[in-house]
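The figures that follow rest on heavy atoms only: side chains count, while hydrogens, waters and symmetry mates do not.
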Amino acid sequence: ITSPRQFRGSLVELPGKPTSCAPTFTPIGDVVEGRPELTPTAIMAGRLLVQRLFGGSSDLMDYDNVPTTVFTPLEYGCVGLSEEEAVARHGQEHVEVYHAHYKPLEFTVAGRDASQCYVKMVCLREPPQLVLGLHFLGPNAGEVTQGFALGIKCGASYAQVMRTVGIHPTCSEEVVKLRISKRSGLDPTVTGC
């Protein structure tokens, strides 16, 4: 095999046992069908494989709730399920979505248009409202998403996020201020601190 990339789409990882068309080839990370095509994911999968092969570990890569960010002029970051995936998996009546349009401090000072800055948290509706996903559009989305990814990975609930004190004035503070649900029909535009 000259390059794992030549097999993209034909490599399948079974739970607990990565396999391929070549018995001595163990596909991991972003060359595996249906896995996130992210360098940090591939690096972690590689580290875990080395630990299994040479360190006596049995830990496998967990591909759920892998955070990612698109570094465009207005960054987009997400972790967990999209609203559509949550509804497909749990049903519309069991999903609550909290959202807000907000204006970051750096946009206020510079007089920039913040109409596209948006944050959305997808939760189960039944208490304690387990957080299923977070979507963040705005400055520092990578930093915000990375921080909340740990909480989501650890099973954070909406109530726990709402009891978290925000750091003012930061973009990530907007997440802990989410109070408007889509179901309510109220205007999600943040009007002040």
Task: side chain to side chain contact (heavy atoms under 4.5 Å, CB included) evaluation trace for V176 with F148 - done: CA-CA 10 Å; V176 303; F148 283 96; 4.0 Å; yes
TODO: Measure from the side-chain N and O atoms of T41 to the backbone N and O of E37, and report whether any donor-acceptor pair falls under 3.5 Å.
DONE: no
Open item on the list: Check this for me: M44, atom CE, are more than 12 non-hydrogen atoms of other residues, nucleotides or ligands nearer than 6.0 Å?
Closed with: no
- [ ] State, with a plain yes or no, whether a side-chain heavy atom of D62 is found less than 4.5 Å away from one of K153.
- [x] yes
TODO: Not counting sequence neighbours, list each pair that qualifies as a salt bridge (Lys or Arg N to Asp or Glu O under 4.0 Å) and has a residue in residues 156-166.
DONE: none
Atom pairs and distances, side-chain donor-acceptor, residues 133-145, under 3.5 Å, sequence neighbours left out:
{"unit_1": "H135", "atom_1": "ND1", "unit_2": "Y76", "atom_2": "OH", "d": "2.7"}
{"unit_1": "H135", "atom_1": "NE2", "unit_2": "L81", "atom_2": "O", "d": "3.0"}
{"unit_1": "N140", "atom_1": "ND2", "unit_2": "E106", "atom_2": "OE2", "d": "3.4"}
{"unit_1": "T145", "atom_1": "OG1", "unit_2": "A141", "atom_2": "O", "d": "2.7"}

Open item on the list: Is there a side-chain contact between V190 and K103 in this structure, where contact means two heavy atoms from C-beta onward sitting under 4.5 Å apart?
Closed with: no
Open item on the list: List the residues meeting side-chain hydrogen bond (donor to acceptor under 3.5 Å, both in side chains) with S172, not counting sequence neighbours, and say none if there are none.
Closed with: T170
Open item on the list: Let me confirm one number: the CD1-OG distance from I152 to S157, rounded to the nearest 0.5 Å.
Closed with: 11.5 Å
Task: Members sharing V109's hydrophobic cluster (side chains within less than 4.5 Å) - done: L105
Open item on the list: Could you measure the distance from the CD atom of E126 to the CD atom of E93? Nearest 0.5 Å is fine.
Closed with: 11.5 Å
- [ ] Check whether any side-chain heavy atom of Q116 lies under 4.5 Å from a side-chain heavy atom of H101, and answer yes or no.
- [x] no
Open item on the list: I want to check something: taking the side chain as every heavy atom from C-beta on, are T68 and C78 in contact at a cut-off of under 4.5 Å?
Closed with: yes
Task: Side-chain heavy atoms of I167 within contact of E173, under 4.5 Å - done: no
- [ ] First locate atom CD of E84, then atom CD of Q92, and finally report the distance between them rounded to the nearest 0.5 Å.
- [x] 10.0 Å
Open item on the list: More than 12 heavy atoms of other residues, nucleotides or ligands under 6.0 Å from CZ of R179: yes or no?
Closed with: yes
Task: Test side-chain hydrogen bond (donor to acceptor under 3.5 Å, both in side chains) applied to S58 - qualifying residues, sequence neighbours left out - done: none
Task: For D64, all residues meeting side-chain hydrogen bond (donor to acceptor under 3.5 Å, both in side chains), sequence neighbours excluded - done: none
Open item on the list: Can you confirm whether more than 12 heavy atoms, excluding those of F54, are under 6.0 Å from its CZ atom?
Closed with: no
Open item on the list: Within this structure, what is the CD-OG distance for the pair Q129 and S181, rounded to the nearest 0.5 Å?
Closed with: 9.0 Å
Open item on the list: Checking S184 now: which residues fulfil side-chain hydrogen bond (donor to acceptor under 3.5 Å, both in side chains) with it, not counting sequence neighbours?
Closed with: none
- [ ] Identify, with sequence neighbours excluded, every residue that meets salt bridge (Lys or Arg N to Asp or Glu O under 4.0 Å) alongside D59.
- [x] none
Task: Q146 to P67 - nearest heavy-atom pair and separation - done: NE2-CG, 4.3 Å
Task: Distance in Å, L48 CG paired with I43 CD1, rounded so as to fall on 0.5 Å steps - done: 12.0 Å
Open item on the list: Any heavy-atom pair between the side chains of V161 and V131 that's under 4.5 Å?
Closed with: yes
Open item on the list: Running the 4.5 Å side-chain criterion over Ile, Leu, Val, Met, Phe, Trp and Tyr, what cluster does I180 land in, apart from itself?
Closed with: L186
Hey, can you pull the donor-acceptor pairs under 3.5 Å for the side chains in residues 117-124, sequence neighbours left out?
{"unit_1": "Y118", "atom_1": "OH", "unit_2": "H99", "atom_2": "ND1", "d": "2.9"}
{"unit_1": "K120", "atom_1": "NZ", "unit_2": "E83", "atom_2": "OE1", "d": "3.1"}

Task: Which residues share a salt bridge (Lys or Arg N to Asp or Glu O under 4.0 Å) with R183, sequence neighbours left out - done: E96
Open item on the list: Other members of the hydrophobic cluster containing V66, with the 4.5 Å side-chain heavy-atom rule, please.
Closed with: L38
Open item on the list: Between Y98 and V175, is there a side-chain heavy-atom distance shorter than 4.5 Å?
Closed with: no
Task: 4.5 Å side-chain heavy-atom contact, P36 and Y63 - done: yes
